[in-house]
Each structure stands twice: as structure tokens, then as C-alpha cells.
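Inspection log for the structure reproduced underneath, given as C-alpha cells.
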There are 2 protein chains.
Amino acid sequence: MDKKCPVYAVMNFMGKRWTILILLELYKGKSAWKRYSEVKKKLPGITPKVLSMRLKELQKEKLILHKIDASDFPIKSTYSLTKSGEEFIKIVKAIKHWGLYWKVKSGACESTNCKKCEF
Amino acid sequence: MDKKCPVYAVMNFMGKRWTILILLELYKGKSAWKRYSEVKKKLPGITPKVLSMRLKELQKEKLILHKIDASDFPIKSTYSLTKSGEEFIKIVKAIKHWGLYWKVKSGACESTNCKKCEF
DNA sequence: CCGGATCCTCTGCGATACTG
DNA sequence: CAGTATCGCAGAGGATCCGG
């Protein structure tokens with residue numbers, strides 16, 4: 001696959017750990033701007049470095065926007081999905097549906113174990 | 001994300017290197033059974049170990065089928081997409097379209113550089 | 001509060017050689 | 001032909017500390 005191929009380009013960021021989780025977290029807030037610390041709190045186990053890295057990558061890919069308010073302390077840093085980011089969620093949904101349809105055995109995400117997946 | 005979540009499960013295999021390429025290679029042959037060596041030849045740079053690993057993973061995930069004919073030599077080992085594997089290609093196409101729409105700058109995959117992406 | 005800098009671990013993957 | 005076995009490295013990502 002040519003490195004210029006869109007599939008390659010997309011897999012290059014969506015394949016990384018936490019990326020999809022972060023997108024879903026922002027998606028749940030819809031048009032709202034979510035703070036760094038809010039996202040972090042919702043993703044137990046993620047380290048600040050990795051969250052930072054992913055957020056930057058997603059900015060570069062234009063899936064999210066970043067707004068900084070350093071006018072006063074504490075600094076307020078917020079993120080939100082762009083239009084393309086919202087469109088991308090559709091792909092994640094397609095993945096979810098494929099998984100549910102072809103791997104229904106577990107009934108995951110419809111079960112009480114996966115309430116967080118409200119998307 | 002719960003490890004039982006379908007999205008998690010899917011990303012767990014689709015995120016790995018070569019996986020999508022292998023699926024596309026089998027898809028191009030449609031219902032035909034493709035031999036190990038054929039796939040290998042079409043994916044320059046892949047090592048036998050990795051190809052083996054990916055093929056096994058995909059069997060486990062029920063995206064491909066494996067048929068072995070050891071009745072006479074040389075051994076003939078062939079692979080083909082299952083129904084769910086074919087359905088999965090739709091997701092890859094969705095990714096491609098998203099990439100083309102939101103990252104058209106390069107015009108990749110419509111360009112002469114990416115003729116291999118005939119899917 | 002946000003996130004950069006360091007260090008360190010762990011594993012995915014490549015290279016190569018070998019077998020039924 | 002269709003893989004397995006062994007070795008080694010680079011790079012992703014976790015833990016922790018620090019600075020604006």
C-alpha cells in the first residue's frame with residue numbers, strides 16, 4: 001500500500017492506542033468543548049504524555065480543534081470534534097455494528113458491562 | 001473501553017500491520033482461493049512469519065478460510081474471505097472514502113501512484 | 001491545570017535460516 | 001511450497017518528575 005493511500009494514512013492514526021477512545025469521549029460531549037482533565041478522567045489508565053500526543057496527532061489530522069485560554073490561571077485547555085471528526089465517528093459506528101453482527105456471541109456493548117459505549 | 005466491546009476487539013486485529021493489505025489481496029481475487037505464495041508475492045516486504053501470524057489471526061476472527069491440499073506435492077494451501085470478511089471490506093472502503101473526502105489534497109488513490117488500490 | 005522531558009520496559013516486527 | 005525457529009532492534013507507550 002502506497003503511503004499516500006488514504007487507508008494507510010487513516011490507519012496510521014486510528015490504529016494507535018487510545019485514539020478512538022479519545023474521539024468517542026469528545027463525541028459524547030457533542031458540540032461541547034471538553035477539557036483536558038475531563039477527558040483524562042474518563043479514560044482511566046491513560047498517562048498525560050500519551051493523551052497529549054494523541055490530541056496533537058488528532059489536531060494535525062484535523063479531527064479535533066484546540067482552544068486555549070491562558071488569560072488567567074488555572075489554564076483552561078479545551079477540545080472538540082471538527083466536522084470531519086464527527087464524520088469519522090460513523091466509521092467507528094460501522095465497526096461496532098460489524099462487530100456486533102458477526103460476533104454477537106458475547107452480546108457486548110448491549111450488555112450492562114459496556115454502558116460506557118453510548119454512542 | 002471494555003475489552004469485550006466489539007470496537008476494541010476489531011481494532012485489536014485490524015490495527016496490526018499488513019492485516020488490511022492481506023484482506024484486500026484476498027478480496028481482489030473475489031471468491032477465488034489464493035495461495036500463500038500468491039499473497040506473499042503481492043505484498044513485497046512482508047516476511048513469512050508475519051504473513052503466517054496474520055493469516056492465523058484472521059482465521060481465528062473468522063474473516064478468512066483456510067484450505068489445505070497435502071494429497072500431493074507441492075503442498076497447496078489456499079485462503080479466501082468469508083462472508084464476514086467480505087462485509088468487513090465495506091469498512092475499509094468507508095475508511096478510504098472518508099480519507100479521500102477529508103484529505104483530498106493529495107488525490108491519493110485516484111492518482112497513478114496508487115493503482116494497486118483497485119477495491 | 002496542562003503538558004513537556006526523561007528514563008525505561010516491552011513487544012511487534014524484520015532478517016535470516018531451517019524443516020516436513 | 002508453506003510455513004516454523006531464533007535473534008535482535010526500534011519504537012510505542014508507561015511511570016515519574018518538572019516547569020509555565
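Values below: all heavy atoms of this structure, side chains included; hydrogens, waters and symmetry mates excluded.
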Between the two end axes of the helix from C:dC1-D:dG20 to C:dG20-D:dC1, each built from 5 base pairs, what angle do you get to the nearest 10°?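 Comparing the axis at each end, I get an angle of 50°.
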
Does a nitrogen or oxygen in the side chain of [X] sit under 4.0 Å from OP1 or OP2 of [N]?
| X | N | value |
| --- | --- | --- |
| A:S77 | C:dC1 | no |
| B:R35 | D:dC1 | no |
| B:K56 | D:dT4 | yes |
| B:S52 | D:dT4 | yes |

Can you check whether A:Y27 and A:F88 have ring centres sitting under 6.0 Å from each other?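 No; A:F88 has its ring centre 6.0 Å or more from that of A:Y27.
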
Counting heavy atoms from C-beta on, name the nucleotide in D:dA2, C:dC2, C:dG4 closest to the side chain of A:Y36.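 Looking only at heavy atoms from C-beta outward on A:Y36, the closest nucleotide is C:dC2.
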
Would you call A:I64 and A:L23 a side-chain contact if the rule is heavy atoms closer than 4.5 Å?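 A:I64 reaches A:L23 side chain to side chain.
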
Any salt bridge between [X] and [Y], counting N to O under 4.0 Å?
| X | Y | result |
| --- | --- | --- |
| A:K83 | A:E87 | yes |
| A:K60 | A:E57 | no |
| B:E38 | B:K41 | no |

Does the [X] side chain pair with the main chain of [Y], one donor and one acceptor, at a distance under 3.5 Å?
| X | Y | value |
| --- | --- | --- |
| A:T82 | A:L63 | yes |
| A:K4 | A:A9 | no |
| B:T19 | B:F13 | yes |

Protein heavy-atom contacts under 4.0 Å, written 5' to 3' over nucleotides 6-20 of chain C as B (base), S (sugar-phosphate only) or - (none), form the string BB-----BBB----B

Atom [atom1] of [X] to atom [atom2] of [N]: distance rounded to whole Å?
| X | N | atom1 | atom2 | answer |
| --- | --- | --- | --- | --- |
| A:K34 | C:dC1 | NZ | P | 17 Å |
| A:L55 | C:dG3 | CG | P | 7 Å |
| B:K41 | D:dG3 | NZ | C1' | 17 Å |
| B:K76 | D:dG3 | NZ | C1' | 18 Å |
| A:D69 | C:dG3 | CG | P | 13 Å |
| B:Q59 | D:dG3 | CD | C1' | 12 Å |
| A:E57 | D:dG13 | CD | P | 8 Å |
| A:E38 | C:dC1 | CD | C1' | 13 Å |

Describe the nucleic acid contact of A:K40 in one word from base, sugar-phosphate, nothing, applying a heavy-atom distance below 4.0 Å.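 It contacts nothing in the nucleic acid.
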
Hey, does the Lys NZ or Arg CZ of A:K67 hover above the aromatic six-ring of A:Y79, less than 6.0 Å from the centre and inside 45° of the axis?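 Because its charged atom misses either the 6.0 Å distance or the 45° angle limit, A:K67 does not stack over A:Y79.
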
